[in-house]
Amino acid sequence: MKLDKRFQIRSNSLDPKQGDILISEPLMNDFHFGRSVVLLVDHSEADGTFGIIVNKKLDVSVNQIVDDFPDFDAPVYLGGPVADDQIFFMHTLGDLIPESCEIMDGLYWGGDNKVLDTLIATGIANEDNVRFFLGYSGWESGQLVGELVRNSWLVSQVSTEELLATPTDKMWSDYVSQLGKDYEMWQRFPVNAEDN
């Protein structure tokens, strides 16, 4: 293998769709998106893309952010830079929460907040089946495609079970390693290029 090919940052040229994940290239120097894994909640060529960063747990619980919330000491994740003063949630409770949208098999986005409050109060909703996000990530029509052309992201797939079971601090490296030898060099790049 030629040396210049091994050190090239390049995407895998897959077309993104709802339920896919985006894996940021290793040298992306951005507070929100550096070494991030983004779950695509919705994607359309015409309307753009809506997603959430799933691997950046904040050092705060939902009760510390939301007033009048049921007692629920669940962590909050950094969802992205858009609407970063709002809380969003995903869950595996399906039809138990009306108005939810299925992102991928068994994983849902949003729904009726009052029903969620009741499910938390009764212990049905818990940290294993509900995750909260501060803000979200959004791309206008054509914007994400442009970033893919510039090799900013890899597109990949994971199951709901894998997404929820993988420790957030290992998601980026685990998902990169699943992509095979073409991307093993990515894990050797320092998180901060100045550390090199």
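Bear in mind that the values here come from a model prediction, so they are computed numbers and not experimental data.
Side chains of Glu162 and Gln178: a donor on one and an acceptor on the other come within 3.5 Å. Tyr183 and Ser177 are not linked by any side-chain donor-acceptor pair at a separation below 3.5 angstrom, with hydrogens and angles left out of the test. A donor and an acceptor atom, one from each side chain of His32 and Ser137, are nowhere located under 3.5 Å apart.
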Worked verdict on Ser36 versus Trp153 for side chain to side chain contact (heavy atoms under 4.5 Å, CB included): CA-CA 10 Å; Ser36 68; Trp153 304 97; 3.5 Å; yes
Candidate pair Leu107 and Met90, rule side chain to side chain contact (heavy atoms under 4.5 Å, CB included), full reasoning: CA-CA 7 Å; Leu107 187 64; Met90 73 177 185; 4.0 Å; yes
Chi angles and distances behind the ring pair (Phe, Tyr, Trp, His ring centres under 6.0 Å) call for Tyr77, Phe132: CA-CA 6 Å; Tyr77 298 79; Phe132 294 92; 9.3 Å; no
Full working for side chain to side chain contact (heavy atoms under 4.5 Å, CB included) between Ile87 and Val76: CA-CA 9 Å; Ile87 291 282; Val76 175; 4.0 Å; yes
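No side-chain heavy atom of Met104 sits under 4.5 Å from any side-chain heavy atom of Leu40. A 4.5 Å side-chain heavy-atom check between Arg35 and Ile23 finds every atom pair outside the cut-off. For the pair Ile97 and His91, the minimum side-chain heavy-atom distance is below 4.5 Å. In this structure the side chain of Leu179 reaches within 4.5 angstrom of the side chain of Ser156, judged on heavy atoms. In this structure, Val115 and Pro98 have side chains that are in contact, with non-hydrogen atoms separated by less than 4.5 Å. Taking the side chain as every heavy atom from C-beta outward, Ile52 and Val41 approach each other to under 4.5 Å. You'll find the side chain of Ile21 stays beyond 4.5 Å of the side chain of Gln157, heavy atoms only. In this structure the side chain of Leu164 reaches within 4.5 angstrom of the side chain of Arg131, judged on heavy atoms.
Between atom CZ of residue Phe50 and atom CD1 of residue Ile103 there is a gap of 8.5 Å, rounded to the nearest 0.5 Å. Distance check: Glu45 CD to Ser141 OG gives 7.0 Å after rounding to the nearest 0.5 Å. Taking CG from Leu22 and CG from Leu148, the interatomic distance works out to 6.5 Å, rounded to the nearest 0.5 Å. Atom CG in Leu78 sits 8.5 Å away from atom CG in Asp84 (nearest 0.5 Å). Atom CD of Glu161 sits about 7.0 Å away from atom CG of Asp105, to the nearest 0.5 Å. A distance of 4.5 Å separates CG in Leu163 from CE in Met171, rounded to the nearest 0.5 Å.
Gln143 and Gly138 make their closest contact through OE1-O, 4.3 Å (heavy atoms, listed as atom of the first residue, atom of the second, distance). Looking at every heavy atom in both residues, Pro16 comes nearest to His43 through O-CD2, 3.1 Å. When all heavy atoms are compared, the tightest approach of Ser24 to Trp172 is O-NE1, 2.9 Å.
Under a hydrophobic-cluster definition in which Ile, Leu, Val, Met, Phe, Trp and Tyr are linked whenever side-chain heavy atoms come within less than 4.5 Å, directly or via other members, Leu58 and Leu39 are assigned to different clusters. Cluster membership check: Phe72 shares its hydrophobic cluster with Leu96, using side-chain heavy-atom separations under 4.5 Å among Ile, Leu, Val, Met, Phe, Trp and Tyr. Each of Val60 and Tyr136 belongs to its own hydrophobic cluster when Ile, Leu, Val, Met, Phe, Trp and Tyr are linked at side-chain heavy-atom distances under 4.5 angstrom. A chain of hydrophobic side-chain contacts below 4.5 Å, direct or via other Ile, Leu, Val, Met, Phe, Trp or Tyr residues, connects Leu134 to Leu116.
For the side-chain contact (heavy atoms from CB on, under 4.5 Å) with Tyr175, the lone residue among Leu154, Asn55, Thr166 that qualifies is Thr166.
Side-chain rings of Trp109 and Phe89 stay apart, their centers remaining 6.0 Å or farther from each other. A distance of 6.0 Å or more separates the ring centres of Phe133 and Phe88.
In this structure, Phe33 and Trp139 have tilted ring planes: the angle between them lies in the 30° to 60° band.
Between the side chain of Asp117 and the backbone N or O of Ile120, no donor-acceptor pair lies under 3.5 Å.
In summary, Asp20 and Lys17 engage in a salt bridge, as defined by a charged side-chain N under 4.0 Å from a carboxylate O.
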